[in-house]
Amino acid sequence: MAPLEKYKSKRHFDKTPEPAGDQPDGDERRFVVQKHDASRLHFDFRLQVGDKLVSWAVPKGISANPAHKHLAVKVEDHPVDYQHFEGIIPKGNYGAGTVLLWDSGTYRPEDSVENTVVAIDEKIRKGSLKFFLEGQKLKGFYSLYRIDDKGDQEQWIIAKSKDNYANASRRFSQRSVISGLTLDEIARGEKSTEKALSVDKIAEARPAAMPHISPMLATLAAAPFDDPDWIFEIKWDGYRIIATRKGDERKLLSRNGNPYDEKFRTIHEELQKIGHDFVMDGEVVVLDQEGKSDFQALQHLDAQSMGRLYYYVFDLLWLNGYLLQDVPLVQRKEMLLQILPKNLQRIRYCDHIPEKGKIFFKQMQQLQLEGMIAKRAESKYYPGKRSNAWLKIKTARPQEAVIVGYTAPKGSRTAFGALLLAINEQGNLRYAGKVGTGFDEATLQDIYKKLQPLKTKEPPVKVPAKERQAQWVKPRLAAEIQFTGWTRDGAMRHPTFRGLRTDKKPDEITRETAIPVHQALSENTQPAERAATKQTRRRKATHNPKLSNPDKVFWPDENILKKNVYHYYDQMAEVLLPYLIDRPQSLLRSPHGVAGESFFQKDVKGLVPKWIETVTVESSSGTTEYLLCQDKATLLFMANWGSVELNPWNASVPNLDQPDYVVFDLDPVEISFEEVMRVAVGFHQLFEELKLPFYCKTSGSRGLHIYLPVKPQYTHEQGQQFARLLETIIHDRFREITSFERSPSKRKGKIYLDYLQNGRGKTMASVYSLRLKPGATVSTPVTADELKKGIDPSGFNIHSMQQRLKEVGDLWRDMFNTRVDIGETLKKL
DNA sequence: GTCATGG
DNA sequence: CCATGACAACGCCCT
DNA sequence: AGGGCG
């Protein structure tokens, strides 16, 4: 078949705007992804091989996540000039629908030796190739391999390879890379304009006047780390600048809100090229020949250094009337990248790499850059706050210090010998040593001049005796000092002067101490929230377990869905958690609801996210890692796992060998619930005699459970014997309707008193647990009075529990305040 | 329900 | 991509 | 040892 014959045969070029493919496009290795809203929405992935675009239809599109293996159906080759096509294929034509140019760029095969048309064709014929994409969205190695060449349609898989560009959480913009439009906008016939970015479609964006924003700050962290939830940027050493534009008005503001429009006029001018209203955040730097930021040159800007002045922007906080503070960071950066025109000279996008902080940090060290900034990929922007969502990790450790004096110069040195330094500690200035190196002549003079008006007689800080001769100055000027560590008396070791910090107030100069990285990684409260919850030491659960298959039917007869279970536990968490916390959970999972099969799962080793607490327990068959349900998020995680019924141990950590309640399980077989209540009232009577508290709940079915909270001082064996003893008394009083017979067939018409439910690792359905029974019943606390009056246990269910709680509250709330001493009770018998 | 695997 | 299958407890009593 | 039971 002649080249492109199949392509041409399917099309009428007088009726479709698609190119006819008569103009070969040179020898480049281009690739393109077109999003095509045809009869089925899909993506077309095309690689240029010679004078054709070898093409695959990829229903799910192309991911940055190596775990995603997406089907790619090989389709006919397209002409090279098709790579520029974006528009509408009219109805009635082949592939009718809207085409959006989703990504484009160049690629190179894995091994450059094989980088010939013939070699690539050969690999495609053989059904396997790997290549590196350099697109506007897609980056890194991808592999494409055939899995099935039977039938007329070849089935291939396209998958991201594991490399530094792999990213499980990366979400790509769905806008065109040439027009900035969405599929809908193209379909409506909109033309590419600068207004194309429809910020109003983003859920977290909200309309707002242009805000005044002070920069969000980063916390110093001790060491680099790898984490898929984080991204990493170069830490630039310059001035933190907020840039704004509204109509014709453009501003550059320092962190203290001072204007820098004049000083950085080249940048200020260039803001005009960005055709939007915006507030963006970034760092102004002067780059030296090696591309490193040169702080001193930034301070003494001259014509020469002006040419090396750049503004690295890394955040977008407001755009065209919408506040973006709450939009996830990576999305803000994506938008930032979109609004920056390609022809900027002075303003540059500060790119990041995902996940691989350690490698990135090594590169920072090799390049002798100051360090890196780690940011939580999904974090919000907190203006003016120092947050653990942003961390700075430094290769060396610069420290700012306040100048409090200087010593006289010696020999040929002019101006001064050394600067005396101080740092704020707990609100007071404290002497921090002196620095005598790192100045060039101009800086020496400049600082000297600036210090003259600040001269004072009294030293602003207490200093060692040997520095008494120094000239003191008022603590107004801040300097950046590089040093290697702290001496025992709080001075900097091997200090070098790196520049004045006119952008910082002396009050802000404090000793920076790195927080341990694990603290930041486990930190899940935001600054604002943290202030509110400072008192309560219990960890706040901000993890939000996803609910998968929300509409799966769990109770077909009642049409109760999985999401109803999830919602029930969401609502019940507060009252339920005290009965679950610290207790190993035997998970009874029922992913297919009441009709499907359930299975127990105790060991969750490696199966649950790391924020879920577990406890490792020795058992006969080795060691088992039990889940602990310590917070609402874990409860919801369990719900999503199909743990409809909750089965906590009768003991809690750390006393897993000592039960903290004894259970009396009244399990009826073919006997009326009235009789069960009668026996339970019998227990109530007995407990009154023994001065024991009475906590009873429905089982969720036809049984009742009586719990006796005990001091965790006795073994499971002793707990079980104790239960048996009391049940024997009941058995004597209700001989004709109770039984110790284990086999159900032999206890028909009786209530089984199951003391064996007391034991190590034994569980019962928790109070307030849903049960997989008709009507989605709930194991519900009841009072002795209710038992005497008579109740219908089926009335306690997923629908009625909120109302029940409103009416009677949590009847068991005092349970753990009334722990009984088994030994003392035995003496009464 | 999740994970791994194969077509 | 989709389909399919594997996998997911344990202690104790009784015979 | 294996099945039943919760």
Report task. Using atom CG of Leu607(A) as one end and atom C1' of dA9(C) as the other, report the distance to the nearest whole Å. Result ->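 It works out to 14 Å between those atoms.
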
Query raised in the report: Would a line drawn from the ring center of Tyr695(A) to the ring center of Tyr707(A) be shorter than 6.0 Å?
Result: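 Distance test on ring centres: not under 6.0 Å, no.
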
Is the distance from OP1 or OP2 of [N] to the nearest side-chain N or O of [X] less than 4.0 Å?
{"X": "Lys552(A)", "N": "dG1(B)", "result": "yes"}
{"X": "Lys60(A)", "N": "dC1(C)", "result": "yes"}
{"X": "Thr624(A)", "N": "dC10(C)", "result": "yes"}
{"X": "Arg146(A)", "N": "dG6(B)", "result": "no"}

Query raised in the report: Do other residues, nucleotides or ligands put more than 12 heavy atoms under 6.0 Å from Lys748(A) NZ?
Result: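 Counting neighbours around NZ of Lys748(A), 12 or fewer heavy atoms of other residues, nucleotides or ligands fall under 6.0 Å, so no.
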
Residue [X], side-chain atoms from C-beta onward, closest of [options]:
{"X": "Pro744(A)", "options": "dG1(B), dC5(D), dC1(C)", "value": "dC5(D)"}
{"X": "Arg589(A)", "options": "dG7(B), dC5(D), dG1(B)", "value": "dG1(B)"}
{"X": "Leu71(A)", "options": "dT2(B), dC1(C), dC5(D)", "value": "dC1(C)"}

Query - Arg742(A) (side chain) and dC13(C) (base): donor-acceptor pair under 3.5 Å - result: no

**Report entry** side chain to side chain contact (heavy atoms under 4.5 Å, CB included), paired with Phe683(A), selected from Ile729(A), Leu787(A), Ile730(A)
**Finding:** Ile730(A)

